[in-house]
Every structure is written in C-alpha cells, then in structure tokens.
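Below is one structure, written out as structure tokens; the observations come after it.
Atom set for the values below is all heavy atoms of this structure, side chains included, hydrogens, waters and symmetry mates excluded. Both ligands and their constituent atoms are indexed starting at 1 by order of listing.
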Amino acid sequence: MAIDKKLIDELRKRRKKALNLGGKDKIEKRHAKGLMTARDRLDNLYTKGTFQEFGLHAQHRATLFGMLGKDLPADGVVTGVGEVDGRPVAAFSQDFTTAGGSLGNMHAEKIVNAIDYAITHGIPVLSFNDSGGARIQEGINSLSGYGKVFYKNVEASGVVPQVTVIAGPCAGGAAYSPALTDFQIMINKQANMFICGPEVIKAATGEVVTMDEVGSAAANASVSGNIHFVANDDAHAIALAKKLLSYLPSNNLQDPPHHYGEPLDASLDPGMDELVPADGKLPLNVHDVIKRLVDGGDFFEVQMDFAKNIVIGFARIQGIVVGIVGNQPAYKAGTLDIDASDKAARFIRFCNIFNIPLVTLVDTGGFLPGKQQERGGIIRHGAKLLFAYASTTVPKITVIMRKSYGGAYIAMCSKELGADAVFAWPTAEIAVMGAEGATGILYKDEIKNAADPKARRAELIAEYRDQFASPYQAAGMGSVTDVIEPSETRAVVARALRNTLTKREVRPPKKHGNIPL
Ligand code: HXC
C-alpha cells in the first residue's frame, strides 16, 4: 500500500511551475541586474526550512471576467510565515516577474490574509513591495483590492509591527500601503516611490522634474521624510529589517526583547565628562553622547537623513531596549522645527505602542524662529511633540544636558509632560529663555548706563545663569529629580529604567485623543 505516484507527480509538477515565478528568463534577467526575486528575498529573510507558504496554488480571478488569458503563478505575490531570529514573522513579497507584480483581486486577498494572520497570531508583518501597481486588466477589482489592503494595514497598526521594504517601483496610490506601515526601508537605485511621477507632473502642471528629485530613495529619505532607512541592495534591506525587528516585541501586548539579568553596573564613565565643552557656546554632538550611553555603542538610528536636528533610534542600555530621542546641537543648534517635531512625535508614539521605554537627551535653544516656520504651522507640528510625550505611558527618562529653554523645555519630555525621572547635568540651563535674550529684556537700562556696558552685560549673563537658569533651581522646585555628573549618566539612566519597567499608568477611557495632525 502506498500513495498513487501519479498524485505525487502532479503535486510536484504544480509546485515546480508555481515556484518558477514568471519563468526562467525573467528570473535570469533580474539576477543579471543584481536583483533578488520575490522568493530570493524570503529565502534570505527566513531561517532555512521555516517558511510556510500560504496560497502557492492561488490563481488570479481576471479569467472570471475573460480579461487575462494566462496563468499568473501565485497571482504575483508570495505570502506566508517563517522564523526570523527564532520568532515567527508574516510576510508578503510581490513578484515583479509575474505581470509586473501588479495587484489584482486575489493578489490583494493574499496580502490581506497574511496581515490578518499576523494580527490574529500577534506577529510582525514584513513586506517587499515591487509592483507596477493596480493590475490594469482587473479594473475596479484591483482598486478595491488596494482599498482592502489599506484598511487591513490600518487595522494592524498599533497591534503588530509592520515593516515595508520598497524594493522596486511603488507608484501612485500603491505608495499608501507602505506609508500606513510603521517603518519603510527603501533600496537605493532599484526602487522609486511617488504619487505622481515626472511624466504626470509635466502633463498636469508643465513642471519639469526628475525621478531623482521626486521618487528616489534619497529624496524620500532626506527631503520628504517618507521613509526611514536607505538600503544599498536587497541583502542590505533584509539585514536592516532583521536588525529593526531585533528591538521590537512581536505585538503590542508583549515587552520588547530586553536582554538583562546581570546586576546593575553602576561604574562611572569619565569619557562622558570629556564630551562636554567647557565653552557653553561650542556645540555638543549628541551622537557622541549616545554612543557612550548605549550598550557597545550600538545605536540603530532611524531617519538619519531627515531633520538631523533631532536624532531618534533604538538601542539597549544595560540590556533594556530603549527608544532614544535627542536634540542634535551640532545641526541647526538642535532647534525644534516642523520636521523635527513630526519625526520625533511619530517615533515616540511608535515606542509607546510597543512598550519601549523612552530616553530623551535635551540640548536645544528652543523652537526655530522664522516666517517659514510660523506660516508652515510650527504651532500645529510642535504640538504633536507635546501631545506625543504627554500621551505616552511607557517609562520616560530625561537627561537635560545643556540648554533647555521655554516651550522646548516642556516639549522635550519634562517632568510636567510625564517623565518618570529627569536628570540634569551641572551644565544644564533651564529657563524661560536664553541668558542673552533675557538679560537684554530684564537689564536693558542697566547695561546701557553702565560704564562698561559689555563687561556689565557679561556679568549679568553669568548672574542670570546662576539665579534663573540653574539646574539646582529646577531641582529645588521638583522639576528635576537629581543633578548628576555626566560620567554618572549611563549608570543613573540604567537604574531609572530598571526601576520603571513595571510602570502601569491608566488614563480615562476614550476612543483616541485628537493629535494635531
Ligand atoms: C498589469 C502590468 C502593470 C499593471 C506592469 N505590468 N504594470 N500589468 N497592470 N499595472 C506588466 C507589463 O505589462 C509587463 O508584462 C510586465 O509587467 C513588466 O512591465 P514592463 O513595463 O515591461 O517593465 P519595466 O520596463 O521595468 O517598467 C516597470 C513599470 C511599468 C515602470 C512599473 O511597467 C509601468 O509604468 N507600469 C504601469 C504603472 C502604473 O501606472 N500603474 C498604475 C499606478 S496607479 P509582460 O507580460 O510583458 O511581462 C495605481 C492605482 C492604485 O496603482 C490606486 C490605489 C488607491
């Protein structure tokens, strides 16, 4: 007794055909260009032997309407679940060799099912987007398919992490699926993403633009801020995705993968003292501070090319996964502007969803003055930052390194916005406004009438710093938990994190707050 061999042969034949994507020629063409196929990408993502495909035998439904006469293996998208570093992750990978990875009814249904699987089982979803967009032959069915994918992206948002790799063309409305996910990794040169490309822009408005200007990875990373990471090639994109996942829990009900258990290391780091220039006018580079603060100097920066005046990213501090938000005084004096506020606010809210404690490093002259900022809506955008910090309930630890003035003091995760602990270095300046501006207002006549106005001004600035901007004043009023030496920072932050990991904060029930979008 044994199974009829013909049945096995039939299965093998069908599998072989489907696994062959759009055919040997098209696969070879891609390989010759140094591109991976949809299946190569999943093979490289998942631990060998762990991938369970969903819908290998799926067929497009265009035949139902007599519109597409040929087979489309797996309907142009490979979906399933497999293990990444020992944890299950769902994925879908669009197959450009099959009808240009275009999205039809079944293609969309497979994507929706993969996201649904992720929601039900509490696991992240990773996608490789590589597609000519809505499948022309399926008309409204492909548009309807997109609508269903967007709806599912939104349903999954806040439940499981969603990460998109933009690996090829991603044009028109199709770009909204990546945009609805948490992180986008875009591959340099081989990918482009835009709503209206150069040809449409020219036809509609007469404006001549290049693809580099509107759709390249560089434009999306540094100008519009649409994406979070630029990869050099497919393998690099997969490595970035894996590294990102290594900081994230599988779903919103889990803690992130902290690696701790060792006793607290309370040793000092004298190198941190040396980073602080004695001259308050010289900028501090927040990257240098972060490097000393986090385990092994390993900081996974997010959106490193966009709004460089604020730095965000993931790291571990004595094993505890944290999201770091730091002003960058070495760029635009670390001022908060529209883009910096948007960038930080979204990251803070992501960390809150996935139970990732926040560490905020403060050194900012305040919100950026200027007509463009006012007319661009800095009030609305800056309010996002305030809203984000005030509404997050994860542990929030703040270190005020140097300048912390005015609204920016409050916005950068002050005690008043719910920080669990705020530490200030002796160099911290916490006040309504900077010493130069404030002395000009308070002592205008005194400076003007002094025998040596310049010398008197300098004296008054020093006095102001002592009296009105001292961290001891803030500590005396309870807005600062403790004043610490820079060399103590790593130990103090690690201790604060350990002491706050069990935090439970319950707010009044509501549908959701009304963040100023
Ligand atoms: C059906 C498509 C397709 C599409 C490509 N193909 N796009 N089939 N529907 N949307 C097919 C081609 O016919 C071809 O099939 C194969 O995919 C490869 O395409 P090529 O054009 O040969 O490849 P390439 O030269 O690399 O150009 C890739 C491309 C181009 C830039 C993506 O194909 C293109 O411009 N496609 C149309 C893009 C587009 O405008 N899509 C609609 C966007 S609007 P064969 O059989 O020859 O291999 C949209 C609305 C979404 O998506 C709305 C959501 C709200």
Worksheet item: Backbone N or O of T79 within a donor-acceptor pair of the K110 side chain at under 3.5 Å?
Response: no
Item to complete: Assign the ring pair F314 / Y247 to parallel, tilted or perpendicular, where the plane angle (0 to 90°) is split at 30° and 60°.
Response: parallel
Item to complete: Carefully, step by step, assess Q94 and H107 under the rule side-chain contact (heavy atoms from CB on, under 4.5 Å).
Response: CA-CA 9 Å; Q94 293 183 305; H107 182 119; 3.0 Å; yes
Fill in: Exercise check, heavy-atom protein proximity under 4.0 Å to atom 22 (O) of ligand 1
no
Discussion item. Under 4.0 Å from atom 40 (O) of ligand 1, is there at least one protein heavy atom?
Written reply: no
Discussion item. Tell me whether atom 9 (N) of ligand 1 lies less than 4.0 Å from at least one protein heavy-atom position.
Written reply: yes
Worksheet item: Taking T210 for the side chain and E213 for the main chain, is one N or O donor matched with an acceptor at less than 3.5 Å?
Response: yes
Worksheet item: Who gets closest to atom 43 (C) of ligand 1 by heavy atom: G132, G22, A174?
Response: G132
Worksheet item: What is the nearest protein non-hydrogen atom to atom 55 (C) of ligand 1, stated with its residue, atom name and distance?
Response: F150 CE1, 3.8 Å
Discussion item. Does the protein come close to atom 17 (O) of ligand 1 - that is, does one of its heavy atoms sit below 4.0 Å from that atom?
Written reply: yes
Discussion item. Tell me if a side-chain donor or acceptor on T398 pairs with a main-chain N or O of C413 at a distance below 3.5 Å.
Written reply: yes
Worksheet item: What do you reckon, does I136 have a nitrogen or oxygen under 3.5 Å from a nitrogen or oxygen of ligand 1?
Response: yes
Worksheet item: Could you give the distance from CZ (R12) to CG (L19), rounded to the nearest 0.5 Å?
Response: 13.0 Å
Item to complete: Please state which part of L103 comes within less than 4.0 Å of ligand 1, counting heavy atoms only: side chain, backbone, both or neither.
Response: neither
Fill in: Atoms in ligand 1 with a heavy atom of R135 nearer than 4.0 Å
1 (C), 9 (N)
Item to complete: Find all atoms of ligand 1 within a distance of less than 4.0 Å from any non-hydrogen atom belonging to G133, and give their numbers and elements.
Response: 52 (O)
Item to complete: Run down the list K29, Q137, K70 and name the one with the heavy atom closest to atom 1 (C) of ligand 1.
Response: Q137
Worksheet item: Is at least one protein non-hydrogen atom found at under 4.0 angstrom from atom 14 (C) of ligand 1?
Response: no
Item to complete: Classify the contact between F96 and ligand 1 as side chain, backbone, both or neither, using a heavy-atom distance cut-off of under 4.0 Å.
Response: side chain
Fill in: Nearest protein heavy atom under 4.0 Å from atom 33 (O) of ligand 1, yes or no
no
Item to complete: Would you confirm whether Y46, through its side chain, and V89, through its main-chain N or O, come within 3.5 Å as a donor-acceptor pair?
Response: yes
Discussion item. I need the nearest protein heavy-atom contact for atom 48 (O) of ligand 1: residue, atom name and distance, please.
Written reply: K26 NZ, 2.5 Å
Discussion item. Protein heavy atoms near atom 30 (C) of ligand 1, is at least one of them under 4.0 angstrom away?
Written reply: no
Discussion item. Salt bridge or not between E10 and R14? Use side-chain N to carboxylate O under 4.0 Å.
Written reply: yes
Worksheet entry | Residue and atom name of the nearest protein heavy atom (relative to atom 3 (C) of ligand 1), distance in Å to one decimal | S102 CB, 4.0 Å
Discussion item. Yes or no, since that's all I need: does a protein heavy atom fall within a distance strictly under 4.0 Å of atom 46 (O) of ligand 1?
Written reply: yes
Discussion item. Closer than 3.5 angstrom, by distance alone: can the side chain of S177 be matched with the main-chain N or O of A174 as a donor-acceptor pair?
Written reply: no
Worksheet item: With a cut-off of 4.0 Å, which atoms of ligand 1 are near a heavy atom of Y146?
Response: 51 (C), 54 (C)
Worksheet item: Okay, side chain of S157, backbone of N153: is any donor-acceptor separation there less than 3.5 Å?
Response: no
Worksheet item: So which of S131, A99, A134, P169 gets nearest to atom 4 (C) of ligand 1, if we judge by its closest heavy atom?
Response: A134
Discussion item. Pair S144, N141 - check side-chain hydrogen bond (donor to acceptor under 3.5 Å, both in side chains), show working.
Written reply: CA-CA 5 Å; S144 162; N141 282 335; 5.4 Å; no
Discussion item. I need the atoms of ligand 1 closer than 4.0 Å to a non-hydrogen atom of L143, numbered in the order shown.
Written reply: 53 (C)
Discussion item. If only side-chain N and O atoms count, and only distance matters, is there a donor-acceptor pair under 3.5 Å linking D234 with N44?
Written reply: no
Worksheet item: Roughly how far apart are I115 CD1 and K152 NZ, rounded to 0.5 Å?
Response: 8.0 Å
